[in-house]
Trainee: 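Here it is: the structure, laid out below.
Since this is a predicted model, take the numbers as computed values, not measurements.
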Amino acid sequence: MSALQNDRLLRALAREPVDRTPVWIMRQAGRYLPEYRATRAKAGSFLALATNPELACEVTLQPLARFPLDAAILFSDILMIPKAMGVGLAFEEGEGPKIGRPVRSASDVDALPVPDPAQELRFVMDAVALIRRELAGRVPLIGFAGSPWTVATYMVEGGSSRDFARIKGMLYGDPQALHRLLAKLARATTDYLNAQIAAGAQAVMVFDTWGGALSTPAYLEFSLPYMERIVAGLVREREERRVPVILFTKGGGAWFSRMAAAGADALGVDWTMELGAARLATGGRVALQGNMDPGVLYAPPAAIRTEVARILESYGRGPGHVFNLGHGVQPGVNPDHVAALVAAVAELSPAYHG
């Protein structure tokens, strides 16, 4: 595979010195880009796009053609593991994911297979290998998966949820069944991420989108331990480099000092927590990624630059920061505003290094 020409992201995740703060953006390939919308229309549906390695590669690379980003992230979805488990995943226009056969009982959990990534998820591995080839060493490729808790919410609820009624009913009413589901998902996710690393992913991220919906005792029992299992089971070196792991719990600021001990190289920070406070809470044990409010991208470029300056100042001097949004870029954002963000990081961040 081609030698890496820009390893700024990997060095920042290792808390090694860099010339400037690296930047990539969650959901950087998505509906805010007209070229993405054109490719999705060509594919016919979101699922058809995400399961076609050539088209997944095409959309993964689209933001890199527009913006001088420091990483590509695999275009996929956190629900590919449930898809491979045979629960009947579909995406309905304007409504998000739907699970045809929700997992509601201990017997439902026991019936779930642990998928073989080389078989049921082969299309993802083919996409990873193709993207690596097409990147030709320009920037590193990030692979990812959903956290067991977050993926379980969709499997038990049958789709997206506001109140998590069914899974919280299971959590408090039949915790053993939920633990069995989470253990199975942790095994499947470890296999899945290791397969992505073997196919060419140079860093991996675990998205715990709904961890913040839990109480502290529930988070420490039902979310964090299963992410720790995954981290402990991952291949951490390949192609003579460390493969860094990023954990991201949206709404997880209260648990940062605990998360810093989970064994990951970096923690994602959402926009509700100040980077300076996160740096203090983690004591320099991990790199930090984040954390601009995605809503800032609706403001004019001058306001975006001001906010970039504030966030860089909040983190302060030295390595260990990857600039990102605190969650994904929204579909209604003007791509020129994303360009303004990337340009501001390139312009303003060198003062914090060297």
Side-chain angles (χ1 to χ4, degrees), residues 8-9 12-15 17-18 20-28 70-71 147 205-216 219-220 223-224 227 244-262 264-330 333 337-338 340-353:
R8 206 175 268 122
L9 173 84
L13 291 173
R15 306 194 306 286
V18 287
R20 65 164 178 81
T21 306
V23 57
W24 70 275
I25 296 168
M26 288 189 265
R27 287 201 214 119
Q28 63 190 24
D70 293 298
S147 73
M205 182 159 168
V206 179
F207 284 87
D208 186 29
T209 312
W210 300 121
L214 291 167
S215 69
T216 291
Y219 179 79
L220 297 177
S223 183
L224 187 58
M227 292 195 286
V245 182
I246 307 160
L247 295 185
F248 174 62
T249 293
K250 186 166 175 273
W255 311 308
F256 254 64
S257 55
R258 294 290 296 268
M259 290 175 73
D265 300 87
L267 300 181
V269 189
D270 73 12
W271 69 92
T272 65
M273 188 180 198
E274 273 299 281
L275 273 183
R279 196 175 184 183
L280 209 60
T282 55
R285 288 177 288 168
V286 289
L288 297 174
Q289 177 178 281
N291 70 332
M292 182 184 275
D293 179 347
V296 174
L297 293 175
Y298 291 114
I304 293 167
R305 186 180 181 279
T306 299
E307 187 62 5
V308 168
R310 191 195 65 74
I311 288 164
L312 291 170
E313 178 63 31
S314 178
Y315 183 83
R317 289 190 58 80
H321 179 210
V322 174
F323 202 100
N324 208 312
L325 299 178
H327 199 228
V329 61
Q330 303 285 356
V333 160
H337 291 197
V338 174
L341 159 63
V342 176
V345 175
E347 177 202 344
L348 300 171
S349 69
Y352 292 90
H353 302 277

Trainee: Evaluate the side-chain proximity of His327 to Thr209: yes if any heavy-atom separation is below 4.5 Å, no if none is.
Mentor: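 They are in contact (side-chain heavy atoms under 4.5 Å apart), so the answer is yes.
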
Trainee: Looking only at heavy atoms, what is the nearest atom pair of Ala12 and Pro22, with distance?
Mentor: CB-CG, 3.5 Å

Trainee: What residues form a ring pair (Phe, Tyr, Trp, His ring centres under 6.0 Å) with Tyr352, not counting sequence neighbours?
Mentor: none

Trainee: Closest approach of Met292 and Ile304, non-hydrogen atoms and distance?
Mentor: CE-O, 3.9 Å

Trainee: Extract all donor-acceptor atom pairs below 3.5 Å that involve side chains of residues 295-303 and protein atoms in other chains or at least two apart in sequence.
Mentor:
none

Trainee: I need the minimum non-hydrogen distance between Gly268 and Ile246, along with the two atoms involved.
Mentor: N-CG2, 4.0 Å

Trainee: Among all residues two or more places apart in sequence or in another chain, which pass the side chain to side chain contact (heavy atoms under 4.5 Å, CB included) test with Arg305?
Mentor: Ala344, Glu347, Leu348

Trainee: If you take all heavy atoms of Leu267 and Ala260, which pair is closest and at what distance?
Mentor: CD1-N, 3.9 Å

Trainee: Please report, to 0.1 Å, the donor-acceptor pairs under 3.5 Å made by any side chain of residues 271-284, with sequence neighbours excluded.
Mentor:
{"from": "Thr272", "atom 1": "OG1", "to": "Asp270", "atom 2": "OD1", "distance (Å)": "2.6"}
{"from": "Thr272", "atom 1": "OG1", "to": "Asp270", "atom 2": "OD2", "distance (Å)": "3.4"}
{"from": "Glu274", "atom 1": "OE1", "to": "Arg310", "atom 2": "NH1", "distance (Å)": "3.0"}
{"from": "Glu274", "atom 1": "OE1", "to": "Ser314", "atom 2": "OG", "distance (Å)": "3.1"}
{"from": "Glu274", "atom 1": "OE2", "to": "Arg310", "atom 2": "NH1", "distance (Å)": "3.2"}
{"from": "Arg279", "atom 1": "NH1", "to": "Tyr315", "atom 2": "O", "distance (Å)": "2.6"}
{"from": "Arg279", "atom 1": "NH1", "to": "Arg317", "atom 2": "O", "distance (Å)": "2.9"}
{"from": "Arg279", "atom 1": "NH2", "to": "Arg317", "atom 2": "O", "distance (Å)": "3.0"}
{"from": "Thr282", "atom 1": "OG1", "to": "Ala278", "atom 2": "O", "distance (Å)": "2.8"}
{"from": "Thr282", "atom 1": "OG1", "to": "Arg279", "atom 2": "O", "distance (Å)": "3.4"}

Trainee: When rounded to the nearest 0.5 angstrom, what is the spacing between CE in Met205 and CG in Asp265?
Mentor: 13.0 Å

Trainee: With sequence neighbours left out, write down each residue that passes side chain to side chain contact (heavy atoms under 4.5 Å, CB included) with Thr306, or none if nothing qualifies.
Mentor: none

Trainee: What are the two closest non-hydrogen atoms of Pro244 and Leu13, and how far apart are they?
Mentor: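 Answer, listing the atom of Pro244 first, then Leu13: CG-CD1, 3.7 Å.
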
Trainee: Please check: side-chain N/O of Asn291 versus main-chain N/O of Gly326, any donor-acceptor pairing under 3.5 Å?
Mentor: no

Trainee: Please report the closest heavy-atom contact between Ala261 and Arg285, naming both atoms and the distance.
Mentor: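 That would be CB-NH1, 4.0 Å.
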
Trainee: Table please: side-chain donor-acceptor pairs of residues 248-259 below 3.5 Å, with sequence neighbours left out.
Mentor:
{"from": "Thr249", "atom 1": "OG1", "to": "Asp208", "atom 2": "OD2", "distance (Å)": "2.9"}
{"from": "Thr249", "atom 1": "OG1", "to": "Tyr219", "atom 2": "OH", "distance (Å)": "2.9"}
{"from": "Trp255", "atom 1": "NE1", "to": "Thr216", "atom 2": "OG1", "distance (Å)": "2.8"}

Trainee: Could you check Leu341 against Leu325 for side chain to side chain contact (heavy atoms under 4.5 Å, CB included), going step by step and ending with a plain yes or no?
Mentor: CA-CA 10 Å; Leu341 159 63; Leu325 299 178; 4.1 Å; yes

Trainee: Please examine the side chains of Met227 and Val245, heavy atoms only from C-beta on, and report whether any two atoms are closer than 4.5 Å.
Mentor: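 No; the side chains remain at least 4.5 Å from each other.
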
